[in-house]
Amino acid sequence: MHRAPVLLSLIAVATLLIVTPVIGYRPLPHLKHNSSDLMFGGSKKFEGSSEFVHMRYHMGPVLTGSITIHTIWYGRWQKSQKKIIREFINSISAVNAKHPSVAGWWKTVQLYADQTGANISRMVRLGEEKNDRFYLHGKSLTRLSIQSVIKSAVTASTKPLPINPKNGLYLLLTSDDVYVRDFCGQVCGFHYFTFPSIVGYTLPYAWVGNSAKLCPGTCAYPFAVPEYMPGLKPLKSPNGDVGVDGMISVIGHEVAELATNPLVNAWYAGQDPVAPVEIADLCEGIYGTGGGGSYMGQVLNDKDGATYNMNGIKRRYLVQWVWNHIVSYCTGPNALDQ
């Protein structure tokens, strides 16, 4: 599921809204800032910890084999934008990256296991890619037409994406001139699985949109701020692209949840499998030590003043933390106690 931004000094933990069986992540701009509506549980602790959160395993499959992420670039993308996202994906398994690292962030995801005790794979690699520069399914997509985009990619007459239902993830990225239903108002991204009746296979997938033109203050926060908050200054993005830098945390959010809950029957909190609360939902808006409530936590700044909290192979990124079910709070590689 994916969220809309967490306002740096104003929003607490984002919640999840499901308007269809597809999981979606959303901002909550209609709630009063710093209100109890934005808090989960009743915990007064930091980093989202709460004795009221019960993350449970529901016996479904998780991704214990080497994970391959196949990317669909829908719309027109600059080469520089693709490089930022590709390196983030490749950084998940880059154990030699400088601390705190993206690979260190993934270690929390690796703590989750299936019924045999096999843990989520450490190996995540960038797979095949497909481009649709001509918007063959239009510039306004629904959740069902997104599955049609994926079908086109895996059944293309030339260089189709490989079919890998067991350890393959399909990441659909839409350019800044493409609208997806509920984008900006309710979600910045979501994940689910494809229907055989549409695609021909059951494939775990995620969609994330570039909000640079449509709603950067919602989905690229804190690198852009909402128009209704003119006094709040945006933070400088680490890679010089507000829309794409905003997408990175959303991509991390969705990939972490796809690995631990690919068919929406594995790891989640709550009793409703149609609207589960997953490992990234619980930590929305938390990027560092002390995060929680209305504070994003302690993060880092580079020499140029850009804000980040972890290192990739060559680049830096700002990525939300994820829920650690062993200690029952959100954790990340830049925690001050590590």
Side-chain angles (χ1 to χ4, degrees), residues 1-4 16-27 69-78 81-82 85 127-165 168-216 218-220 243-244 246-247 250-251 253-255 257-258 261-264 273-276 278:
M1 328 157 208
H2 185 61
R3 55 150 181 124
L16 165 75
L17 178 68
I18 305 295
V19 295
T20 73
V22 177
I23 299 174
Y25 188 48
R26 66 173 255 179
I69 299 178
H70 301 294
T71 309
I72 303 170
W73 303 94
Y74 191 83
R76 296 183 180 180
W77 290 87
Q78 299 174 18
Q81 294 176 320
K82 290 184 176 182
I85 294 173
E128 301 298 320
E129 299 183 351
K130 197 69 178 173
N131 295 281
D132 185 346
R133 304 179 185 88
F134 302 106
Y135 310 89
L136 295 182
H137 295 266
K139 288 189 176 183
S140 182
L141 304 176
T142 65
R143 300 191 182 209
L144 288 180
S145 64
I146 277 177
Q147 296 207 20
S148 296
V149 175
I150 297 172
K151 177 182 179 180
S152 295
V154 300
T155 60
S157 57
T158 58
K159 297 183 178 180
L161 292 183
I163 304 298
N164 185 359
L169 301 181
Y170 297 80
L171 181 61
L172 173 59
L173 305 174
T174 50
S175 58
D176 59 11
D177 56 349
V178 175
Y179 175 75
V180 173
R181 183 180 178 184
D182 299 325
F183 190 23
C184 298
Q186 295 178 355
V187 299
C188 301
F190 60 76
H191 76 87
Y192 205 57
F193 52 84
T194 61
F195 304 143
S197 60
I198 298 176
V199 180
Y201 306 89
T202 300
L203 305 173
Y205 77 91
W207 158 76
V208 178
N210 186 339
S211 66
K213 291 182 179 178
L214 297 175
C215 56
T218 298
C219 292
V244 174
M247 292 178 71
V250 184
I251 291 171
H253 180 121
E254 302 304 339
V255 170
E257 292 180 344
L258 275 170
N261 198 26
L263 300 182
V264 201
V274 175
E278 299 172 290

Taking all atoms of both residues into account, what is the closest heavy-atom pair of [X] and [Y], and its distance?
{"X": "Tyr192", "Y": "Phe195", "answer": "CE2-CE2, 3.7 Å"}
{"X": "Gln147", "Y": "Thr194", "answer": "OE1-CA, 3.2 Å"}
{"X": "Gly243", "Y": "Ala212", "answer": "CA-CB, 3.9 Å"}
{"X": "Phe193", "Y": "Val264", "answer": "CE2-CG2, 4.0 Å"}
{"X": "Leu258", "Y": "Tyr205", "answer": "CD2-O, 3.7 Å"}
{"X": "Tyr170", "Y": "Val154", "answer": "CE2-CG1, 4.1 Å"}

Measuring from atom [atom1] of [X] to atom [atom2] of [Y], what distance do you get when rounded to the nearest 0.5 angstrom?
{"X": "Leu171", "Y": "Ile150", "atom1": "CG", "atom2": "CD1", "value": "9.5 Å"}
{"X": "Asn261", "Y": "His191", "atom1": "CG", "atom2": "NE2", "value": "5.5 Å"}
{"X": "Met247", "Y": "Glu254", "atom1": "CE", "atom2": "CD", "value": "11.0 Å"}
{"X": "Lys130", "Y": "Leu172", "atom1": "NZ", "atom2": "CG", "value": "14.0 Å"}
{"X": "Ser175", "Y": "Tyr135", "atom1": "OG", "atom2": "OH", "value": "4.0 Å"}

Side chains of Ser148 and Ser145: donor-acceptor distance under 3.5 Å anywhere?
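Their side chains do not contain a donor-acceptor pair, so the 3.5 Å distance test is not met.
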Is there a side-chain contact between [X] and [Y] (heavy atoms, below 4.5 Å)?
{"X": "His70", "Y": "Leu203", "result": "no"}
{"X": "Thr202", "Y": "Leu263", "result": "yes"}
{"X": "Thr174", "Y": "Leu141", "result": "yes"}
{"X": "Val187", "Y": "Arg143", "result": "yes"}

Please enumerate all residues that pass ring-ring contact (aromatic ring centres under 6.0 Å, His included) together with Tyr74, with sequence neighbours excluded.
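Residues passing ring-ring contact (aromatic ring centres under 6.0 Å, His included) with Tyr74: none at all.
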Is the shortest side-chain N to carboxylate O distance from Arg76 to Asp176 below 4.0 Å?
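Looking at Arg76 and Asp176, the cut-off is not met.
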What do you reckon, Cys219 and Cys188 SGs under 2.5 Å?
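Answer is yes, sulfur atoms closer than 2.5 Å.
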Could you walk me through whether Asp177 and Lys139 pass the salt bridge (charged side-chain N to carboxylate O under 4.0 Å, His left out) test, one step at a time?
CA-CA 7 Å; Asp177 56 349; Lys139 288 189 176 183; 3.5 Å; yes
Under the side-chain contact (heavy atoms from CB on, under 4.5 Å) rule, what do Asn210 and Val244 come out as? Steps first, then yes or no, please.
CA-CA 6 Å; Asn210 186 339; Val244 174; 4.0 Å; yes
Who passes side chain to side chain contact (heavy atoms under 4.5 Å, CB included) against Glu129, sequence neighbours left out?
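Residues passing side chain to side chain contact (heavy atoms under 4.5 Å, CB included) with Glu129: Thr71, Trp73, Arg86, Leu126.
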Which word best sums up how the rings of Phe190 and Trp207 line up, parallel for under 30°, tilted for 30 to 60°, or perpendicular for over 60°?
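Phe190 and Trp207: tilted rings.
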Under 3.5 Å: donor-acceptor pair, side chain of Asp132, backbone of Phe134
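Indeed, once roles are kept as given, a pair shorter than 3.5 Å links the two residues.
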Listing, residues 155-165 side-chain donor-acceptor contacts under 3.5 Å, not counting sequence neighbours, or none:
residue, atom, partner, partner atom, Å
Thr155, OG1, Lys151, O, 2.6
Asn164, OD1, Asn167, N, 3.2

Taking everything shown except Tyr201 itself, do over 12 heavy atoms lie less than 6.0 Å from its OH?
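Atom OH in Tyr201 is not packed in, count stays at 12 or less.
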